[in-house]
Amino acid sequence: MTTSPRTLMRVHFHLPGPDPVLYEQLLDVLTGITPQVEAHPADFSADADLTGALRYWGTDPAGLVDVLRLRALALYGVLTSSGTGPNRTIAAMAAALTPPGAATIVGNTPYDIAAFLRPRHVAALPGIGPTTARTLSRLGITTVGELADAPLPALQRILGAAPARQAHDRARGIDDRPITPGAAPRSLTLSHRFHADELDTDQHHRTLLGLTERLGAALRQDQQITQALSLTVTYADRTHTTRTRTLPEATAHTPVLAALARDLLASLGLQRARVRALAVRADRLQSAEHAVHQLTLDDQDDRLRRLETVLDRVRSRYAPGIIGSAAAHRRAS
DNA sequence: TCTGGGGTCCTAGGACCC
DNA sequence: TCTGGGGTCCTAGGACCC
């Protein structure tokens with residue numbers, strides 16, 4: 001079976017500064033060209049599938065990229081740098097080596113793909129970070145072409161089965177990851193960095209309680225529940241420890257999250273530890289429609305859940321941080 | 001150019017069950 | 001009753017991406 005060739009694009013918007021509103025407007029420009037857009041707000045870039053849009057607009061990838069470049073510049077004064085190619089790996093690599101205001105177009109013939117990929121350094125291949133690049137260079141593999149020619153079993157012994165398969169495929173121009181617009185996140189993290197290294201365990205607990213309250217509220221607002229919670233403690237020397245615990249049932253109920261987070265922190269047994277930051281992550285998110293709350297005979301629990309619903313409404317009406325437990329806000333005297 | 005934050009995926013090892 | 005093997009789940013940590 002063969003699949004029809006795709007044309008994917010990675011575009012970087014070169015904003016004058018962090019401006020989420022402007023970024024949203026630029027995404028609107030892009031979705032005016034193709035609805036198949038995946039946003040990357042962290043660095044103001046986006047991936048897009050141009051395959052259908054090429055037929056709709058009756059042009060080639062260079063023409064479509066130029067439409068985007070001109071509109072972003074004319075409407076918002078923003079420069080773009082774009083890369084296009086037959087898959088996400090090649091589009092990302094092409095964009096990465098393109099200066100602002102320009103585009104790199106890679107064709108979809110085997111010759112085009114090999115000519116683009118093979119001479120490049122392995123570290124330019126998405127999925128090959130500094131650690132893996134060092135490992136490969138010790139084996140004499142420094143270019144994408146050498147990686148493509150290396151025997152897969154040997155790579156698997158060195159890099160592990162899945163990473164080796166992925167690197168080997170991508171080096172040969174194989175990458176069938178689709179563009180998935182609006183994909184729901186699989187986890188949600190909230191963190192707090194202390195102004196100075198914090199030794200007070202009571203303050204650790206209060207901060208953690210505040211984080212879990214915000215996490216619970218955010219999950220309930222997004223109609224999501226979490227199946228597991230992780231706590232990451234970062235110390236003064238920038239090392240960190242993570243502890244994960246699975247919940248008996250998925251929930252977004254703050255008291256349950258707070259109790260679990262408290263247990264995770266206690267399990268680390270921090271005594272006089274210089275803590276620089278705390279982070280809580282809700283893992284394995286699922287839609288709240290799937291919630292199966294075990295019926296209990298505990299009136300207190302039901303009252304807390306009703307109270308939580310009321311407080312969520314107040315928060316949404318005023319400000320996210322306006323309500324929280326007194327314990328989370330009390331400062332050590 | 002570097003750093004940090006928030007996210008994903010993978011692996012290894014241990015616990016547990018059948 | 002004991003042992004061993006295989007499968008599954010959980011957890012910690014590493015590597016990487018944007």
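Treat the numbers as computed from the prediction; the structure is a model and nothing was measured. Letters A, B, ... mirror the listed sequences (proteins, then strands); counts begin at 1.
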Every protein N/O lying under 3.5 Å from an N/O of nucleotides 7-11 of chain B:
unit_1	atom_1	unit_2	atom_2	d
dG7(B)	OP2	Thr189(A)	N	2.4
dG7(B)	OP2	Thr189(A)	OG1	2.7
dT8(B)	OP1	Arg186(A)	N	2.6
dT8(B)	OP2	Ser187(A)	N	3.3
dT8(B)	OP2	Ser187(A)	OG	2.3
dC9(B)	OP2	Arg186(A)	NE	3.0
dT11(B)	OP1	Ala161(A)	N	3.4
dT11(B)	OP1	Ala162(A)	N	2.9

So, Asp283(A) and Ser230(A): side-chain donor and acceptor under 3.5 Å apart, yes or no? yes

Pair listing, ring pair (Phe, Tyr, Trp, His ring centres under 6.0 Å) test, anchored in residues 51-101 of chain A, at least two apart: none

Can you find a side-chain donor-acceptor pair between Ser191(A) and Arg281(A) that sits under 3.5 Å? no

Just call it for Arg10(A): base, sugar-phosphate, or nothing, with non-hydrogen atoms closer than 4.0 Å on any strand. sugar-phosphate

Specify the separation, in whole Å, of atom CG of Leu268(A) and atom C1' of dG13(C). 14 Å

Please determine if Glu198(A) and Arg193(A) form a salt bridge, counting it only when a charged side-chain N lies under 4.0 Å from a carboxylate O. no

Let's test your reading of the pairing rules: Watson-Crick or G-U wobble, both distances under 3.5 Å, then write DNA chain B as a dot-bracket string with ( ), [ ], | and dots. ....||||||||||||||

Write down the distance between CG (Leu219(A)) and C1' (dG6(B)), rounded to a whole number of angstrom. 15 Å

Does a side-chain N-to-carboxylate-O contact under 4.0 Å join Asp149(A) and Arg172(A)? no

With clusters built from Ile, Leu, Val, Met, Phe, Trp and Tyr whose side-chain heavy atoms come within less than 4.5 Å, directly or transitively, what are the remaining members of the cluster of Leu125(A), listed by chain and number? Ile90(A), Met93(A), Leu97(A), Val106(A), Ile113(A), Phe116(A), Leu117(A), Val122(A), Ile128(A), Leu136(A), Leu139(A), Ile141(A), Val144(A), Leu147(A), Leu155(A), Ile158(A), Leu159(A)

Set out, line by line, the N/O atom pairs under 3.5 Å between protein and nucleotides 15-18 of chain B.
none

Phosphate oxygens OP1/OP2 of dG6(B): is one of them under 4.0 Å from a side-chain N or O of Ser191(A)? yes

Base, sugar-phosphate alone, or nothing: which one does Arg177(A) contact when heavy atoms must sit under 4.0 Å apart? nothing

Ring pair (Phe, Tyr, Trp, His ring centres under 6.0 Å) contacts touching residues 183-215 of chain A (sequence neighbours left out): His192(A)-Phe194(A)

Going by distance alone, is a donor N or O of one side chain under 3.5 Å from an acceptor N or O of the other, for Ser81(A) and His14(A)? yes

salt_bridge(Asp47(A), Arg10(A)) N-O dist < 4.0 Å: yes

How is Arg238(A) classified with respect to the nucleic acid when contacts are heavy atoms under 4.0 Å: base, sugar-phosphate, or nothing? sugar-phosphate

Can you check whether Arg245(A) has a side-chain N or O nearer than 4.0 Å to OP1 or OP2 of dA12(C)? no

If you look at every heavy atom in Ala279(A) and Thr189(A), which pair is closest and at what distance? CB-CG2, 4.3 Å

Whole angstrom value for the distance that separates P of dA12(B) from CZ of Arg157(A): 14 Å

Using whole Å, what does the distance between atom P of nucleotide dG5(B) and atom CG of Leu215(A) come to? 17 Å

If you take the centroid of each ring, where Trp contributes its six-membered ring, are Phe44(A) and Phe13(A) closer together than 6.0 Å? no

